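Heads up, the thing below is written out as structure tokens.
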Amino acid sequence: MAMKSVSSRRSVDVLVVGGGPAGAATALAAAWQGAKVMLVERYGFLGGLGTQVLDTICGYYASGNPPVQIVGGVPETVVRELEVRSRLLLRQSTVSATQVIAYHPEVLKCVWDELLGRAGVQVLFHALVFDVRREGDRVTGVLAATKRGIVQLEAGVVVDASGDADVAFAAGVPCEQPPEEDMQAMATTFRLMHVDVERARQVSREELKRLMSDAVDTGDFALPRREGSLAMTPLPGVITVNMTRVTGLDPTDPDALSEAERIGRDQALECFRFLKARVAGYASAELAQISSQIGVRESRRISGLYRLMRDDVLSARKFDDGIARGGWPIEDHRSVQGPRLEGLGPGEYYGIPYRCMLPVNIDGLLVVGRAVSADHDAHASVRVMGTCMAMGHAAGVAAALAAARGASPHSILASEVREQVVRRGGMV
Ligand SMILES: Cc1cc2nc3c(=O)[nH]c(=O)nc-3n(C[C@H](O)[C@H](O)[C@H](O)COP(=O)(O)OP(=O)(O)OC[C@H]3O[C@@H](n4cnc5c(N)ncnc54)[C@H](O)[C@@H]3O)c2cc1C
């Protein structure tokens with residue numbers, strides 16, 4: 001069967017590619033501004049890695065006790081809606097001195113459906129964006145592959161929230177991507193049920209490390225790491241496990257990514273076998289779920305008008321065109337010994353400039369989420385979901401303003417974006 005050339009054309013004000021925390025937040029905020037919005041997602045549900053791979057919002061609070069909230073607006077709306085429908089668990093992060101919010105990922109899928117539905121966002125599921133339409137240096141739309149063939153989608157402004165900068169890359173925006181060996185490790189997560197959580201929570205991080213090291217040294221288990229996260233969830237008897245490590249493969253190369261999926265699941269089963277045999281509380285555990293895809297921490301990032309730098313993060317730098325706040329530590333999963341963490345002081349946060357979302361050479365396009373312009377270390381902080389949703393709120397406002405004026409996102413003043421974000425409870 002030959003793929004039809006272009007089976008339909010549709011036109012909107014703001015077109016968001018990718019329905020992860022950044023894209024779903026962008027679509028919601030743009031619709032709140034009154035724009036006609038379409039979101040295109042390759043899978044059949046929203047939430048991105050937040051429903052495919054994990055279940056904890058980081059970056060909602062700055063580090064330290066008592067926790068200081070550093071994002072509002074869309075992320076706060078999402079947390080409130082989650083709370084209405086299910087139990088949330090506010091707990092200490094397994095890797096840093098920061099409070100995080102654990103939720104039920106299946107409920108989050110429904111929360112995004114409802115929020116976007118109520119706001120009038122058109123969501124096109126099961127559509128993979130693979131190319132762009134350009135007029136000169138301006139992106140005017142995208143092409144998506146669907147079961148019915150290729151669909152052409154046109155928009156006043158396109159927002160790339162694909163996580164991998166797929167749209168920007170296709171449009172010719174220069175992107176940085178470290179070589180495979182320098183990229184953060186990918187990880188397949190899994191959930192266990194029937195865990196004796198009371199016993200399991202008494203196993204300290206140090207004790208777990210010792211047990212994992214013994215298991216590796218004796219050759220009894222082929223564990224990919226000597227440390228890992230066993231995270232409490234709001235669900236009785238359910239623990240989320242983040243212990244796998246897949247390296248040396250490029251997540252933007254389909255062959256390598258296919259290999260990574262297979263290796264990740266294989267590692268997950270081995271980690272499960274270890275936990276059941278060696279760790280208190282897991283003897284009766286059963287495998288409930290393996291993440292629906294491998295988690296990609298790092299891939300392409302765009303060259304934007306500003307590149308957020310490691311020192312900006314660590315010095316809690318503020319910018320005149322700051323449109324969101326980040327407060328998560330630099331969390332770098334490259335070493336086999338475990339994550340490298342470098343945090344900000346208690347209650348501190350840095351600003352994220354609007355310019356990080358604006359590609360250097362292409363108009364009509366904003367890039368949001370983990371593909372924004374940043375160096376390796378700044379990216380290792382800015383990529384968490386609370387921060388991605390906050391950036392998404394600002395991107396949605398900017399895209400809607402630009403589309404309403406028939407103007408370029410580059411011409412929108414950050415001061416105006418800031419004002420609109422704050423009006424809806426966001427923090428800049
Ligand atoms: C193992 C692991 C653990 C993590 N743990 C945490 C944690 O505990 N807390 C936390 O806050 N963050 C965590 N993170 C980081 C965080 O989840 C991500 O960085 C964040 O989800 C990025 O959001 P995003 O919206 O930019 O991208 P994504 O969440 O990757 O969303 C991108 C969306 O776009 C869709 N898409 C991609 N390409 C296309 C295309 N071409 N066409 C159509 N749709 C497309 C995808 O299906 C997806 O829905 C973790 C990451 C990993 C890998």
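Whatever order the structure lists ligands and atoms in, that order sets their numbers, starting from 1. Computed from a predicted structure; not experimentally measured. Just so it is clear, the values below take in all heavy atoms, side chains as well, and ignore hydrogens, waters and symmetry mates.
The closest donor-acceptor contact from the side chain of R340 to the backbone of D332 lies at 3.5 Å or more, if one exists at all.
In this structure R418 satisfies the salt bridge (Lys or Arg N to Asp or Glu O under 4.0 Å) test with no other residue, sequence neighbours excluded. Under the side-chain hydrogen bond (donor to acceptor under 3.5 Å, both in side chains) criterion, E154 pairs with R9, Q152, sequence neighbours left out.
Under 4.0 Å is where a charged nitrogen must lie from a carboxylate oxygen, and between R301 and E176 at least one such pair does.
A heavy-atom separation below 4.0 Å is found between Q52 and ligand 1. For A24, the closest heavy-atom approach to ligand 1 does not fall below 4.0 Å. C388 counts as a contact of ligand 1, since one of its heavy atoms falls under 4.0 Å from the ligand. Within the structure, the closest approach of V296 to ligand 1 falls below 4.0 Å when heavy atoms are considered.
Within ligand 1, counting atoms from 1 as listed, the ones closer than 4.0 Å to a heavy atom of G295 are 53 (C). Close approach of ligand 1 to L128 is summarised as follows: ligand atoms under 4.0 Å from at least one heavy atom of the residue are 40 (C), 41 (N), 42 (N). Shown in contact with M385 at under 4.0 Å from a heavy atom are these atoms of ligand 1, numbered in order with element: 10 (C), 11 (O), 12 (N), 16 (C), 17 (O), 21 (O). Here is the list of ligand 1 atoms found below 4.0 Å of a heavy atom in G20: 25 (O), 31 (O), 33 (C), 49 (O).
For the residue pair T247 and R334, no side-chain donor N or O sits within less than 3.5 Å of a side-chain acceptor on the partner.
Across A161, A380, G48, heavy-atom proximity to atom 32 (C) of ligand 1 is greatest for A161. Among V372, V167, L54, the residue whose heavy atom lies closest to atom 5 (N) of ligand 1 is L54.
The protein heavy-atom contact nearest to atom 10 (C) of ligand 1 is T56 O, 3.4 Å. Summary of contacts: the protein heavy atom closest to atom 42 (N) of ligand 1 is V129 N, 3.0 Å.
Put simply, the side chain of P353 reaches to within 4.5 Å of the side chain of L308, judged on heavy atoms. Under the 4.5 Å side-chain criterion, counting only non-hydrogen atoms from C-beta, P359 is in contact with H410.
When heavy-atom distances to ligand 1 are checked against a 4.0 Å cut-off, A127 comes that close only through its backbone atoms N, CA, C and O. Of all the heavy atoms of D166, the ones lying under 4.0 Å from any atom of ligand 1 belong exclusively to the side chain.
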